[in-house]
S.K.: 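One structure, pasted below without further comment.
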Protein chains: 2
Amino acid sequence: MTIDDAPRDLLRGGPRDLLRLVASGAAVSRADLARLSGLSPSTVSQRVEALISQGLLEETGAGKSRGGRRPRQLAVPTGGAVIGAIDLGAHHARIGALDLAGQVVSVRSRPVRIDDGPEVVLGELLAEVTALAAAEPGPDSAAGSGPGPESPPAGGALRGIGIGIPGPVQHPTGRIVSPSRMPGWNGFDVSAFCRDHTDVPVVVDNDANLMALGTHRAVHSELDHAVYIKAGTGIGAGVISGGQLHRGSQGSAGDISHCRVVATDPAPLCSCGNTGCLEAVASGAALVRALGEQGVPVDDLAGVMRLIDDGDRHATALARQAGRSIGEILAVVVNFFNPQVVAIGGRLAECEPLLASMRATLYERCLPLATETLLIERVTVGPDVGVMGAAQLVIDQVVNM
Amino acid sequence: MTIDDAPRDLLRGGPRDLLRLVASGAAVSRADLARLSGLSPSTVSQRVEALISQGLLEETGAGKSRGGRRPRQLAVPTGGAVIGAIDLGAHHARIGALDLAGQVVSVRSRPVRIDDGPEVVLGELLAEVTALAAAEPGPDSAAGSGPGPESPPAGGALRGIGIGIPGPVQHPTGRIVSPSRMPGWNGFDVSAFCRDHTDVPVVVDNDANLMALGTHRAVHSELDHAVYIKAGTGIGAGVISGGQLHRGSQGSAGDISHCRVVATDPAPLCSCGNTGCLEAVASGAALVRALGEQGVPVDDLAGVMRLIDDGDRHATALARQAGRSIGEILAVVVNFFNPQVVAIGGRLAECEPLLASMRATLYERCLPLATETLLIERVTVGPDVGVMGAAQLVIDQVVNM
DNA sequence: CAAACTTTGTTCGACTATCGCAGAAAGTGA
DNA sequence: TCACTTTCTGCGATAGTCGAACAAAGTTTG
C-alpha cells in the first residue's frame, strides 16, 4: 500500500470561487454552480442570495431550458465601472475602469514622466482614474424602494483601485524600495499617499505581479504553479505558487532583473550600479542603448522592434542574445520551481528571435523532468493584462472571504 | 483607506497542528493547546480525545500547578518505533525508526552500493528498516480489554515508511526519472516496488526535500518561505512555500544540480553529459575529482574535508570556487523566490571557506530588498535530518486531516 | 484552617454551515 | 394529459465550533 496525496479540492466553494465561476462564464445558473463547486444546491442558493444582496451578483432573466425548468441566469453586474486600475510603466501609464467581473469597461493610455516624482505622477493618475470610473457609473442599486437592511452600495460607487508599479514594492506596506529606474521614488509609501488622496481602498503591487495575476486568472486558472516574465523597458517576473500570487518574504519575489548573466566583455553597466545584470543585457532599454553604441541610432523600443522586423542584423543578434540571457536565468528558475507554465509578456515578447532563443536555451539547460510537460508560451491577453490583474487584486480584497 | 492582507491564521487548529504543538513541546496540556491554537477549550478537549483514541496522543499524569488545578499532561506516545525511515545517499544509507513525535528511537548507517540496482538495494533496506522498527516495538494499546469501536492499532504496529532518494523523484507517483548518479534506477517505480514488498504505507521523496522538511519543522516552523541546499556528494535543494513543501509540477522542484554556472575553461563534464553544471563544479564528487586532476590524490569527500581543515591551498581554493558557484545559482533563486531563510546542509556545509564565499556571492548579487532580512544559515539539525524529514512526511499522511 | 481566587478541564445549550430530501416551479415530450 | 426532467427553495438533521456555567484541583490570603 502506498500513500497518495489527498486530492486537493480545486474549488473550495467560497463566495469568491462562486463569483469567479460566474465571471469566467463557467457557470450561468445556481445549478451550474452546485455542479461545479461541489456544494449542495441549497448552500449555493443561500450563498448566491448573499452575493446578490451585496451587489456582487445579479439575476438576468431566464435561460434556455435543457428539458426542464429554465435556469435563472446569473451574471456579475456589468457595464458599470466599479474598479479603478493604474498600470504604471516606464514611459506610459495605462488607466482602466473595470467591472466586477474584471472586464475592462474603459481604458486609456497616457505618457507619464516618472522623473516628476511620485506625488505629481500618482496624484494625476489617481485623479484621472477616479474621473474615468465616474464617467461610466456602476449599475444602479437593484433593490426596490429605500435601502434595505443589507442594501448594496450606491450605484456607481468605486469599490477600490489597483496600482501596478514598475519596480520593487514591499508588500503589504506598499512602499517602494530601491527602484532602479524610478529616481526620486525610493522609499516612497504609495499606500500611505493613496490613503491620503482617495477614500476608496487601494492595493499596490509590482507590475509583473499584476501581469502574472491577470494572465493566470484569464488563461491558466487551473494551473497551480506558473511563472510570468514581463519583458519591456525593464524585466520582471511574477510567480504563481499553489494557485496564488507568491510575493515572498518582502514582496520582492520575481524580481530577477539584476541577476547576473554571462555577458559580452566588458559587461554592460546596469542602472543599479552593477555590471552584467539581466536588465542591462536583455531589457528593452538595454537593446536601445546597445544599438546606439553600435552606431545604429534608435529612439525607443518601438524603433528596435521595427529594426528586427526589417531583419536588421545588429538588432536581431541583440534580440537573440537577450533571449539567451533570459533563458539562462529562466532555466535556473524552472529547475528550481518546476512550474507548469512559463509565459512571457511585455513588448519584447512580440520579438520572435528573442522568444526562439529563450525557448532553445530553456530546453537545453533544464532538467528533462522539468521541461517534459512544461508549457512555454507568450502572454496573449493583450495590453490590458496589467489593469486586469490590478482589478483581480481589488476584487479579491473586496469580496469578503 | 488601504487594504491590508488578511492575516493568515498561522495555526488553523486541525488535528495535525494540535499534534505538532504537543510534539514540539510548545503545548503540554489542553489549556496550552487552546491558548496556542486559538480554538475554544471545549473544541480542544474533544479533538484531544479523538487523538487519544487513535493512539496518536496520550495522557502522562499531572503536571505542575501554576496556581490552580494541575494540568493533565499530554504527550505523543514515545519510546516506541512506529515509523520507519530510509535516507538513501550516494554511498551510505541512514536507516531510522522514529516515534510519532518524529523523534529518532534508533538509527544506524550502512554502506550501500547503488550500482546493485533498485531491487537489491531497496529490498535490503526495507527489510532492515522493518527489523529495526520491530526491535523497538511501539507502545501497547492503551485501551482496556477488547478492541473498542475506535481501538488504536495494535501495539508496535509500524504505521508507515518514508524514503528519501538522492535523485529526481516524480511526485506523487514515486517514480525515479533520469537520476544522474544512479545507474540502473532510471524509471524505477519505488512506490510500486514498496507496495509489493511491504504492507505498510510508503512515501517516497527526494533526499533534499526530506532535509528541507526536517529542518523546517525542527527550527523554522514559523517561517513561510525557505530554501534548503543539500551539498554532499551531489547538490540538491528543497523548497518550502507557504509553510509547505513545494514540489512543483512534476515533483522536481529544487533540483538545481544541473544549472550551468560560469566555470573554469574547459568546463568540467558532468555525469549528465552536459558541461559546467553546478554539480560538476561544486559537489563533493566534483571536488574529489578536481583534486585528483590537480595531482592531489584523495579517496572521498572526507579526505577533501581533511585537506581543507589542514589548509591545503588547492582544496581550499576549490571549496571557495564551489561556494561562489552555489552562491551564484542561489542568488537567482533568492531574487526569484525571496525566501526568509536559506540554509545549507550536507557534508559540504561544514566547510567554512565554501560557506563564506557562498554568503559573499549571495550578498553581492541579490537585490537589497531580498537580502535585507534574509537569514543565511547552516542546517544544524545533525545527521538525522533526513530520517526526521521522512518521518514528518509519514506523520502528515497518517494523521487524518 | 477556611474562604477566596486561579487554573484546568468538561458539560451543555446555542449557533452556524452544510447537507439531503421533499417538494414547488417551470418546462419538455410522448 | 401525464410522466419525466431540470431548476430552485424550504426544512429538518447533522457536524463542528463556541461561550458560559460548572466541576475539579490547586494555591494564596486572612
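The analysis underlying the following values was restricted to heavy atoms, covering all of them including side chains, and did not include hydrogens, waters or symmetry mates. This structure is a prediction, so every number in the text was calculated from the model and none was measured. In what follows, chains are A, B, ... by sequence order, proteins preceding strands, each numbered from 1.
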S.K.: Find the distance Arg72(B):CZ to dA23(D):P and express it as a whole number of Å.
M.R.: 17 Å

S.K.: Applying side chain to side chain contact (heavy atoms under 4.5 Å, CB included), run through Gln340(B) and Thr373(B) and close with a yes or a no.
M.R.: CA-CA 7 Å; Gln340(B) 285 151 322; Thr373(B) 62; 6.0 Å; no

S.K.: Does anything in residues 61-70 of chain B come within less than 4.0 Å of DNA chain D? Heavy atoms only, and list the residues if so.
M.R.: Ser65(B), Gly67(B), Gly68(B), Arg69(B), Arg70(B)

S.K.: Hey, which sits more toward the 5' end of DNA chain D by its nearest nucleotide, Glu59(A) or Thr43(B)?
M.R.: Glu59(A)

S.K.: Quick one, Met388(B) with Arg217(B), criterion side chain to side chain contact (heavy atoms under 4.5 Å, CB included). Give me CA distance, side-chain angles, the key distance, then yes/no.
M.R.: CA-CA 9 Å; Met388(B) 289 168 67; Arg217(B) 291 284 169 82; over 6 Å; no

S.K.: Rounded to whole angstrom units, what separation is found between the CG atom of Asp17(B) and the P atom of dT17(D)?
M.R.: 12 Å

S.K.: Could I get the full list of side chain to side chain donor-acceptor pair (under 3.5 Å) partners for Thr215(A), not counting sequence neighbours?
M.R.: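 Applying side chain to side chain donor-acceptor pair (under 3.5 Å) to Thr215(A) gives none.
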
S.K.: With respect to the side chain of Arg47(A), which nucleotide from dC18(D), dC11(D), dT18(C) is positioned closest?
M.R.: dT18(C)

S.K.: How many whole angstroms separate atom CG of Leu51(B) from atom C1' of dG9(C)?
M.R.: 16 Å

S.K.: Any chance CD of Glu59(A) has more than 12 other-residue heavy atoms, nucleotides or ligands included, within less than 6.0 Å?
M.R.: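 Atom CD in Glu59(A) is crowded, with more than 12 foreign heavy atoms closer than 6.0 Å.
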
S.K.: Side chain of Ser42(A) only, heavy atoms from C-beta on: which candidate in dT8(C), dG9(C), dG10(D) is closest?
M.R.: dG10(D)

S.K.: Taking the side chain of Pro71(A) as heavy atoms from C-beta outward, which of dT8(C), dT7(D), dG19(D) is closest to it?
M.R.: dT7(D)

S.K.: For a 4.5 angstrom cut-off between non-hydrogen side-chain atoms, does Ile240(A) reach Leu245(A)?
M.R.: yes

S.K.: Starting at atom CG of Leu39(B), determine the distance to atom P of dG19(D), rounded to an integer number of angstrom.
M.R.: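 In whole Å, dG19(D) P and Leu39(B) CG are 11 Å from each other.
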
S.K.: Would you mind reading off the distance between Gln46(A) atom CD and dC8(D) atom C1', rounded to a whole angstrom?
M.R.: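 After rounding, the reported distance stands at 14 Å.
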
S.K.: What integer distance in Å separates Leu36(B):CG from dT8(C):P?
M.R.: 12 Å

S.K.: Leu33(A) and Leu74(A): side chain to side chain contact (heavy atoms under 4.5 Å, CB included), yes or no, with the steps?
M.R.: CA-CA 10 Å; Leu33(A) 284 174; Leu74(A) 298 173; 3.9 Å; yes

S.K.: Mind checking what makes ring-ring contact (aromatic ring centres under 6.0 Å, His included) contact with His246(A), not counting sequence neighbours?
M.R.: His225(B), Phe337(B)

S.K.: Only counting residues at least two apart or in another chain, list the ones meeting salt bridge (charged side-chain N to carboxylate O under 4.0 Å, His left out) with Arg66(A).
M.R.: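 In terms of salt bridge (charged side-chain N to carboxylate O under 4.0 Å, His left out), with neighbours along the sequence ignored, Arg66(A) is linked to no residue.
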
S.K.: Among residues 26-33 of chain B, which ones have heavy-atom contacts with DNA chain C below 4.0 Å?
M.R.: Ser29(B), Arg30(B), Ala31(B)

S.K.: Would you please name every residue forming a salt bridge (charged side-chain N to carboxylate O under 4.0 Å, His left out) with Asp32(A), sequence neighbours left out?
M.R.: Arg35(A)

